[in-house]
J.: 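Quick one: the structure is below, and I'll ask about it shortly.
Quick note: numbers below take in every heavy atom, side chains included, and nothing from hydrogens, waters or symmetry partners. Computed from a predicted structure; not experimentally measured. The chain is numbered in sequence order, starting from 1.
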Amino acid sequence: MTDKLPEWMLRAFSKLRLARYVHAARGNAVVAGRLYWWNVEASAALYGSLHCLELALRNALHHQLSLAYGRADWWAVAPLNPNGQRLVAKARSKCERRGLVPAPADIVAELSFGFWASLVSGGSRYDRLFWVPTLHKAFAYYSGRRDALYDGLWSLVLLRNLIMHHEPVHHRDLAADHAKIYRMLGYLDPQLAKEAQAMDRFPMVLASRGDVLRGFRPPRF
């Protein structure tokens, strides 16, 4: 049914990509087109709060680990698992390809949201090595279990990756995702959460979804 979409849209975004929206719209090409643009708008509206969370998380964890190991390049001596070591090496290599002699701050900036979230996991004894002695201090406003915190962070890593790779997010419970971002921000810094919410336009975008799909009942996923 993608052949009912405008040719310029098929040319720009590909039949394969748009077919998922046509399927979600049960073959209604008009609704599929609206849904595609709403997905773009919703993804853009979530970007700001995810930006705040990713930067706040990495800076808070980096600060605590730098204090614990007494050096800004704490990864040189910290017991990272093989995947963590690989990601640090990859970050260093990316800096070097840009002609930099990478300082710790350069490597920190290259390490992914997933890398930072993984430090809160229990894998590779990270619970005992990182969370218990050090990383819990980064979440001064959290008193729950580490595994619940990690699950929340990791679900937002997956959301962030969908958004940054231009994938569909319209089928998710985006209201719950949005609330989770602010819970995580609040655990790190309630003032940051408050300021981020002041500029957040996602609630308005979410409220517009009904207008986009008016008269159409989407399938259950």
J.: Name the orientation class of the two ring planes belonging to W37 and F13 (parallel below 30°, tilted from 30 to 60°, perpendicular beyond 60°).
T.: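 Plane angle over 60°, so perpendicular.
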
J.: For the pair V108 and W75, evaluate side-chain contact (heavy atoms from CB on, under 4.5 Å) and give the outcome as yes or no after the intermediate values.
T.: CA-CA 10 Å; V108 166; W75 48 82; 3.7 Å; yes

J.: Relative to the ring of Y126, is the ring of F130 parallel (under 30°), tilted (30 to 60°) or perpendicular (over 60°)?
T.: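 Geometry flag for Y126 against F130: tilted rings.
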
J.: Under the side-chain contact (heavy atoms from CB on, under 4.5 Å) rule, what do Q85 and V88 come out as? Steps first, then yes or no, please.
T.: CA-CA 5 Å; Q85 294 172 12; V88 170; 5.8 Å; no

J.: In Å and rounded to the nearest 0.5 Å, what is the CG to CG distance from L65 to D73?
T.: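 These two atoms lie 12.0 Å from each other.
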
J.: Check whether any side-chain heavy atom of V101 sits under 4.5 Å from a side-chain heavy atom of D106, and report yes or no.
T.: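 Of all side-chain heavy-atom pairs linking D106 with V101, none is under 4.5 Å.
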
J.: Looking at P168 and R20, what are the two nearest heavy atoms and their distance?
T.: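 Distance-wise, the nearest heavy atoms are CD-NH1, 3.6 Å.
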
J.: Between A91 and E110, what is the shortest heavy-atom contact and its length?
T.: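 Nearest heavy atoms, A91 then E110: CB-CB, 3.6 Å.
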
J.: Determine the minimum heavy-atom distance between R201 and A44, stating which atoms define it.
T.: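 Smallest heavy-atom distance, with atoms named: NH2-CB, 3.9 Å.
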
J.: Is L80 reachable from L67 through a run of hydrophobic residues whose side-chain heavy atoms are each under 4.5 Å from the next?
T.: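 Hydrophobic grouping puts L67 apart from L80.
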
J.: Between the side chain of H136 and the main-chain N/O of V132, is any donor-acceptor distance below 3.5 Å?
T.: yes

J.: So does K180 have more than 12 non-hydrogen atoms from other groups sitting under 6.0 Å from NZ?
T.: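 Atom NZ in K180 is packed in, count exceeds 12.
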
J.: Check whether any side-chain heavy atom of L162 sits under 4.5 Å from a side-chain heavy atom of R172, and report yes or no.
T.: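 Yes, side chains in contact.
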
J.: When you compare the side chain of V77 with that of R71, does any pair of heavy atoms fall below 4.5 Å?
T.: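 Yes, close enough: below the 4.5 Å cut-off.
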
J.: Kindly give the heavy-atom pair with the smallest separation between G114 and V157, and that separation in Å.
T.: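 Shortest heavy-atom contact: CA-CG1, 4.0 Å.
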
J.: Can you tell me how far CG of L53 sits from CG of L153, rounded to the nearest 0.5 angstrom?
T.: 6.5 Å

J.: Do C95 and R98 pass the side-chain contact (heavy atoms from CB on, under 4.5 Å) test, and can you show the C-alpha distance, the side-chain angles, and the key distance before you say yes or no?
T.: CA-CA 5 Å; C95 292; R98 296 203 305 268; 4.2 Å; yes

J.: Test K90 against L111 for side-chain contact (heavy atoms from CB on, under 4.5 Å), laying out the working first.
T.: CA-CA 9 Å; K90 181 180 177 181; L111 289 167; over 6 Å; no

J.: Find the distance between OH (Y142) and CG (L188) and round it off to the nearest 0.5 Å.
T.: 12.0 Å

J.: Please report the shortest heavy-atom distance between H170 and R209, naming the atom on each side.
T.: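 It is O-NH2, 3.2 Å.
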
J.: Do H62 and W74 meet the criterion of a side-chain donor-acceptor pair at a distance under 3.5 Å?
T.: yes

J.: Starting from V22, can I reach W8 by hopping between I/L/V/M/F/W/Y residues whose side chains sit under 4.5 Å apart?
T.: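 Same hydrophobic cluster.
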
J.: If I take atom CG from residue D151 and atom OG from residue S121, how far apart are they, to the nearest 0.5 angstrom?
T.: 10.5 Å

J.: Is the backbone of V120 close enough, under 3.5 Å, to the side chain of R146 for a donor and an acceptor to pair up by distance?
T.: yes

J.: If you group Ile, Leu, Val, Met, Phe, Trp and Tyr by side-chain heavy-atom gaps below 4.5 Å, do M199 and I163 land in one group?
T.: no

J.: Any non-hydrogen side-chain atom of I181 less than 4.5 Å from a side-chain atom of L46?
T.: yes

J.: Quick check: is L158 connected to L119 through a chain of hydrophobic side chains (ILVMFWY, heavy atoms under 4.5 Å apart)?
T.: yes

J.: Of all residues at least two apart in sequence or in a different chain, which pass the ring pair (Phe, Tyr, Trp, His ring centres under 6.0 Å) check with W131?
T.: F139

J.: Taking all non-hydrogen atoms of both residues into account, name the closest pair between P133 and D127 and its distance.
T.: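 Here P133 and D127 meet closest at CD-O, 4.4 Å.
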
J.: Do L159 and V169 come within less than 4.5 Å of each other through their side chains, counting heavy atoms only?
T.: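 Counting from C-beta outward, L159 and V169 do come under 4.5 Å.
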
J.: Once side chain to side chain donor-acceptor pair (under 3.5 Å) is applied, what residue pairs with a partner in residues 39-50 remain, sequence neighbours excluded?
T.: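 Listed by first then second residue: Y21-N39.
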
J.: If we only count heavy atoms from C-beta on, is the F115 to R58 side-chain gap below 4.5 Å?
T.: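 Not touching, per the 4.5 Å side-chain cut-off.
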
J.: From K4 NZ over to N28 CG, what is the distance, rounded to the nearest 0.5 angstrom?
T.: 8.5 Å

J.: Within this structure, what is the CG-CZ distance for the pair L55 and F113, rounded to the nearest 0.5 Å?
T.: 9.5 Å

J.: Do the side chains of V30 and L10 join up, straight or via other hydrophobic residues, at under 4.5 Å, putting them in one cluster?
T.: no

J.: Is there side-chain contact between T134 and Y69, with heavy atoms separated by less than 4.5 Å?
T.: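 No, their side chains stay 4.5 Å or more apart.
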
J.: Does a side-chain heavy-atom distance below 4.5 Å link L206 with W38?
T.: yes

